[in-house]
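Only one structure is covered here, and it is reproduced in the block below.
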Amino acid sequence: MSPIDESTEKRSLNFIETFVENDLKEGKNDNRIHTRFPPEPNGYLHIGHAKAICLDFGIAQQYGGKCNLRFDDTNPTKEDTEYVDSIMEDIHWLGFDWEDRLFYASDYFQKLYDFAVVLIKEGKAYIDDQSAEEISKQKGTPTQAGTESPFRKRSVEENLDLFNRMNKGEFAEGTRVLRAKIDMASSNMHFRDPIIYRIINYPHHRTGSTWKVYPMYDFAHGECDFFEGITHSLCTLEFEVHRPLYDWFVDQLKDPNNSYRPRQIEFNRLNLTYTMMSKRKLLQLVQENLVNGWDDPRMPTICGLRRRGYTPESIKNFVNKIGYTKFDGIIDVSLLEYTIREHLNQIATRVSAVIDPIKLIITNYPEGKVEMMEAVDNPEDENSAVHEIPFSREIYIERDDFMENPPKKYFRLSPDNEVRLKNAYIIKCMGVKKNDATGEIEEIYCEYDADTKSGMAGSERKVKGTLHWVSVEHSVSAEVRVYDRLFMVENPSDESVSDFREALNPDSLKVLQNCRVEPYAASGKPLDRFQFQRIGYFNVDKDSTPDHLVFNRTVPLKDAWGKMKDKV
RNA sequence: UGACCCAUGGUGUAAUGGUAGCACUGCAGUUUUUGGUACUGUAUGUCGAGGUUCGAAUCCUUGUGGGUCAACCA
């Protein structure tokens, strides 16, 4: 078990777990626990779905139950197999498995149709010939009762005939719907004769043009839960007012001699500061090329986070930390950033990279000499392996690791000052070479103390600063992509931001071209994730080639030097 | 001016009638071959008013505040 798992082991029960345990205690549903994750395949999964996935699969795991994957594909106009594939990939990547329980709402189209016919025969559903506008007008408002449709008293025979012909394609879209006959005066708007079937002339990604009528969510969802033997149907808070209708349909369907029934339980949706979570708007970002696809590392999608270097463990741990309640809040992204930093700190190999290089020449080091310096892969790991870094007379250091006129608490290199080169020698700055025209520093000259190599007796000497470096001759050029927040406003999903494009951060992607990395960072395999010293956590992007290394910054390190600068 | 749901530090959560705790963030330190990491300390909270009780964040009443619902979306 990883340290991360241990840290969450003791967490107390959330209200859903309490609910489930009570059901178990009462012996409901033969003590079965069966959940489902029911995405509509109309977009890629995002971090908010990860929260639902962890709950649905997590509850099942925790209580020895099962969790189905069910694609809620009742609206062919929005859905596509591309989304089906990506959703399955992302769930697996997160580490969850539905085994042989992959279902589609479209698997049940016949059963749902048959059930609708039963409702018609029982006089509980009717065909309405009115337009969407007329039906909407008759619905009333939350404070005003609705009025009954003139078609409400249609005969069973006529309803049956019309429904049959609707499905044969005899009528145009929008000309007729099937409605449940419940209560136009109900205080719950969803009971005012909800539409349960509509005509759609658009090929379904699985059933093609077999069907001309498609069930609505409210009609399909509870029924699918029932067909699959789901015991706990977990969804987000906005479906709370749908629950009475969910129960109403289940009541019509269930076997009165069998106590089994699925139960819907709602929890709070995930909101993150600076993050847009609406699928519709994310789709818009993709379609308008404001980002480079669903897996753009700035996207809050699972594949975007994956490409950026987030680990499944960190996402799951994040979800465990935020919990499940019935209170809608907004979570600070810094918590997500904390969880990935926490995990990466444990597993990421430390590698030297110089993002903004300046050349440093060690004047008293022999020309042509190369020493291999030992570097610990991960200082947080007692049994860490080591790797070697070539050291030579000419090296690159970070441009801002040298200051000609340093402020008081500057620990790094400055004239006549000593610093340690990480895993190598202590050096002292003896001078610089400046560009005659611009006055810009072009080279830094230092002398090294040969007795201070890491591990030697002379290395005990304390110096305030330690710098990372790469050998000029041996280093490999690379490109580093630094991703900042895509949105600048704290809550871009807020209604007050009418057009989210205004909130887009034009500087969200910075590409740094002149970076130099130590050869080990280019060696491939075990190094897909690492920490560049004092810079941040990175991973190798899929765009990388042997000739052109590309790194994505997963998350920056906490910028202590930045804080120091504020004080000086 | 309806129905349903909700209200604990800046943020997210725990305490299920019995000491308001944890994490993130903030601030201040200690350690360190990077100022990262790790560790320590510290600040800030039960929406208001009544009640029940020996005792209330918890139960009741009421007020206030927030969310959801009037798609042929899910």
Side-chain angles (χ1 to χ4, degrees), chain A residues 7 10-15 18 38-40 42 72-75 77-79 105 128 131-132 135-137 139-146 173-179 186-192 195-200 213-214 216-218 220-221 235 237-244 266 268 273 279-280 321-339 341-342 345-346 350 375-376 379-380 398 401 409-412 419-424 426 454-455 459 462-468 531 533-536 556-564:
Chain A
S7 73
K10 274 188 179 172
R11 63 185 240 280
S12 52
L13 292 188
N14 63 47
F15 77 100
T18 307
E40 182 186 15
N42 66 345
D72 215 338
D73 54 352
T74 56
N75 184 356
T77 63
K78 292 187 176 177
E79 295 151 8
D128 197 326
S131 68
I135 290 175
S136 167
K137 207 178 290 176
K139 266 221 159 129
T141 68
T143 55
Q144 261 182 334
E173 274 185 31
T175 56
R176 280 177 176 81
V177 291
L178 180 67
R179 299 177 73 179
S186 171
S187 57
N188 185 335
M189 297 292 289
H190 299 284
F191 271 55
R192 324 247 261 227
I195 292 166
I196 56 179
Y197 262 93
R198 78 289 210 194
I199 300 168
I200 296 176
V213 292
Y214 291 88
M216 297 284 289
Y217 166 86
D218 278 316
H221 202 91
C235 63
L237 240 27
E238 67 268 26
F239 291 103
E240 213 156 24
V241 286
H242 293 245
R243 196 195 324 142
E266 309 86 8
N268 60 342
T273 54
K279 250 201 237 177
R280 204 194 89 241
K321 281 181 191 300
I322 61 178
Y324 301 88
T325 65
K326 303 195 76 168
F327 176 61
D328 254 317
I330 181 159
I331 287 156
D332 202 309
V333 275
S334 61
L335 184 60
L336 178 62
E337 290 170 351
Y338 167 79
T339 57
R341 250 192 236 112
E342 181 187 41
N345 182 48
Q346 291 165 11
R350 270 55 166 182
V376 176
E380 310 302 321
E398 212 68 62
D401 277 351
K409 286 199 169 176
Y410 189 77
F411 295 168
R412 286 120 88 183
V419 293
R420 169 170 295 283
L421 294 173
K422 176 86 177 167
N423 303 312
I426 290 175
S454 289
S459 70
K462 296 282 181 201
V463 287
K464 275 186 198 156
T466 303
L467 307 185
H468 56 274
Q531 184 193 96
Q533 301 285 1
R534 227 190 57 241
I535 297 163
L557 260 36
K558 283 199 177 181
D559 186 8
W561 167 239
K563 284 178 195 166
M564 290 303 299

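All of these numbers come straight from a predicted model, not from anything done at the bench. Sequence lines set the chain letters: A, B, ... in the order given, protein chains first and strands last, and positions in each chain run from 1. Both backbone and side-chain heavy atoms feed into the values below; hydrogens, waters and symmetry mates do not.
Every residue two or more places apart in sequence or in another chain was checked for a salt bridge (Lys or Arg N to Asp or Glu O under 4.0 Å) with A:D73, and none qualifies. For A:S136, there are no side chain to side chain contact (heavy atoms under 4.5 Å, CB included) partners two or more places apart in sequence or in a different chain. Scored by the side chain to side chain contact (heavy atoms under 4.5 Å, CB included) test, A:L557 finds A:Q531, A:Y537 as partners (sequence neighbours excluded). Under the rule for a side-chain hydrogen bond (donor to acceptor under 3.5 Å, both in side chains), the partners of A:H468 that lie at least two apart in sequence or sit in another chain are A:E398. Here A:S334 pairs with A:D332 under the side-chain hydrogen bond (donor to acceptor under 3.5 Å, both in side chains) rule; sequence neighbours left out. Residues forming a salt bridge (Lys or Arg N to Asp or Glu O under 4.0 Å) with A:R198 (at least two apart in sequence, or on another chain): none. Taking the side chain to side chain contact (heavy atoms under 4.5 Å, CB included) definition, one finds that A:S459 meets it with A:R420, sequence neighbours left out. Under the rule for a salt bridge (Lys or Arg N to Asp or Glu O under 4.0 Å), A:D72 has no partner lying at least two apart in sequence or in another chain. Under the side chain to side chain contact (heavy atoms under 4.5 Å, CB included) criterion, A:T18 pairs with A:L13, A:N22, not counting sequence neighbours.
Between A:Y338 and B:C24 there is a side-chain N or O to OP1 or OP2 distance below 4.0 Å. Not one side-chain nitrogen or oxygen of A:T77 sits closer than 4.0 Å to the OP1 or OP2 atom of B:C73. Checking the phosphate oxygens (OP1, OP2) of B:U33, no side-chain nitrogen or oxygen of A:S454 falls inside 4.0 Å. Between B:U32 and A:R534, no contact under 4.0 Å exists linking OP1 or OP2 to a side-chain N or O. The side chain of A:K462 places an N or O atom within less than 4.0 Å of a non-bridging phosphate oxygen (OP1 or OP2) of B:U33. Contact annotation: A:N423 does not reach the phosphate of B:U34 (side-chain N/O to OP1 or OP2, under 4.0 Å). One finds no side-chain N or O of A:T74 lying less than 4.0 angstrom from the OP1 or OP2 phosphate oxygen of B:C73. Contact annotation: A:K326 does not reach the phosphate of B:C5 (side-chain N/O to OP1 or OP2, under 4.0 Å).
Counting non-hydrogen atoms under 4.0 angstrom, A:L237 reaches nothing in the nucleic acid. Residue contacts shown for A:R412 include a base, since a base heavy atom lies under 4.0 Å away. Using a 4.0 Å heavy-atom cutoff across all strands shown, A:Y197 reaches no nucleic acid atom at all. Here A:I535 lies out of heavy-atom contact (under 4.0 Å) with every strand. Using a 4.0 Å heavy-atom cutoff across all strands shown, A:R350 reaches at least one base atom of the nucleic acid. Residue A:H242 is in base contact, counting any heavy-atom pair closer than 4.0 Å across all strands shown. A:D559 comes within 4.0 angstrom of no nucleic acid atom, judged by non-hydrogen atoms across all strands. Nucleic acid contact class of A:F327 (heavy atoms, under 4.0 Å, all strands): sugar-phosphate only. Using a 4.0 Å heavy-atom criterion, one finds that A:T273 contacts no nucleic acid atom at all.
When distances run from any side-chain atom of A:K558 to the nucleotides B:U8, B:U34, B:U37, the shortest one goes to B:U37. Checked against B:A74, B:A70, B:U33, the side chain of A:T141 finds its nearest nucleotide in B:A70. Comparing B:A23, B:A70, B:U25 against the side chain of A:R341 picks out B:U25 as the nearest.
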Using the rule given for side-chain hydrogen bond (donor to acceptor under 3.5 Å, both in side chains), can you reason through A:S454 versus A:N423, listing the C-alpha separation, both sets of side-chain angles and the distance that settles it, and then say yes or no? CA-CA 5 Å; A:S454 289; A:N423 303 312; 5.2 Å; no
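Rounded to an integer number of Å, the gap from CD of A:Q531 to C1' of B:U32 is 14 Å.
In terms of polar N and O atoms assigned as donor or acceptor, the side chain of A:T143 never comes within less than 3.5 Å of the base of B:U1 in a complementary pairing.
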Hey, what are the protein-to-nucleotides 16-21 of chain B N/O distances that come in under 3.5 Å?
none

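Considering only heavy atoms from C-beta on, A:L178 stays 4.5 Å or farther from A:V213 through its side chain. The closest side-chain heavy-atom distance from A:L237 to A:K326 is below 4.5 Å.
Between A:H242 and A:H190, the ring planes are tilted. Angles from 30° to 60° get that label.
Stem analysis of RNA chain B (at least three stacked-register Watson-Crick or G-U pairs, each with both distances under 3.5 Å) gives B:2-7 with B:64-69, B:10-13 with B:21-24, B:26-30 with B:38-42, B:47-51 with B:59-63.
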Going 5' to 3' through nucleotides 41-47 of chain B and flagging B where a protein heavy-atom sits under 4.0 Å of the base, S where only the sugar-phosphate is that close, and - otherwise, we get -------
